Amino acid sequence: MPNSHQMIVQRHLCGFIGLLLVLMAVVLYGGGASNAVIVSGSLRAGALLMVTWLAWPKLLQWRHVIPRVALVASIILGVILVARPSWGKIAAVVAAVTIGCSLTGRWLSTWSQNGQLRK
């Protein structure tokens with residue numbers, strides 16, 4: 001499924017929208033936009049989408065390796081760091097513990113299925 005037509009279209013759509021956002025930020029900045037928040041927001045979002053476009057094949061590989069709990073914890077950590085930067089250390093510790101427990105559980109279950117873990 002990773003090489004399906006739909007995934008290829010999603011990748012290129014992500015890059016195209018990122019490029020449009022970066023171009024919009026450049027045009028607004030060059031035109032003397034009065035709202036710097038819109039310019040910086042579209043520049044950051046566009047850059048993030050373009051980096052996602054470049055890293056798309058590797059992200060598809062990680063999708064099978066990283067458990068969903070770790071992905072959800074990372075997203076929640078990102079939201080907390082954006083909303084309340086002072087809570088960042090607490091959120092980072094909670095996310096690290098959650099991700100560590102999730103990965104340890106996955107590795108132990110994989111080893112026990114392969115017969116590498118003796119009971």
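What's counted below: heavy atoms across the whole structure, side chains too, no hydrogens, waters or symmetry copies. Note that the structure is a prediction, hence the values are computed from the model and not measured.
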Determine whether I38 and L19 fall in the same hydrophobic cluster, where Ile, Leu, Val, Met, Phe, Trp and Tyr are linked whenever their side-chain heavy atoms lie under 4.5 Å apart.
no
Could you go through the side chain to side chain contact (heavy atoms under 4.5 Å, CB included) check for L21 and L43 one step at a time?
CA-CA 6 Å; L21 284 171; L43 184 62; over 6 Å; no
Where do V22 and A47 come nearest, in terms of heavy atoms and distance?
CG2-N, 3.9 Å
Closest heavy-atom pair and its distance - A25, V39
CB-O, 3.6 Å
Examine L23 and L13 and state if one hydrophobic cluster contains both, with Ile, Leu, Val, Met, Phe, Trp and Tyr joined whenever side-chain heavy atoms are less than 4.5 Å apart.
no
Between atom CG of L54 and atom SG of C14, what is the distance when rounded to the nearest 0.5 Å?
9.5 Å
Of all heavy-atom pairs between G15 and M50, which one has the smallest distance, and what is that distance?
O-CG, 4.2 Å
Taken to the nearest 0.5 Å, the spacing of I17 CD1 from T52 OG1 works out to 11.5 Å
Quick one: CH2 on W56 to CD1 on I8, what's the gap to the nearest 0.5 Å?
11.0 Å
With rounding to the nearest 0.5 angstrom, report the OG to CG distance, S40 to L28.
11.0 Å
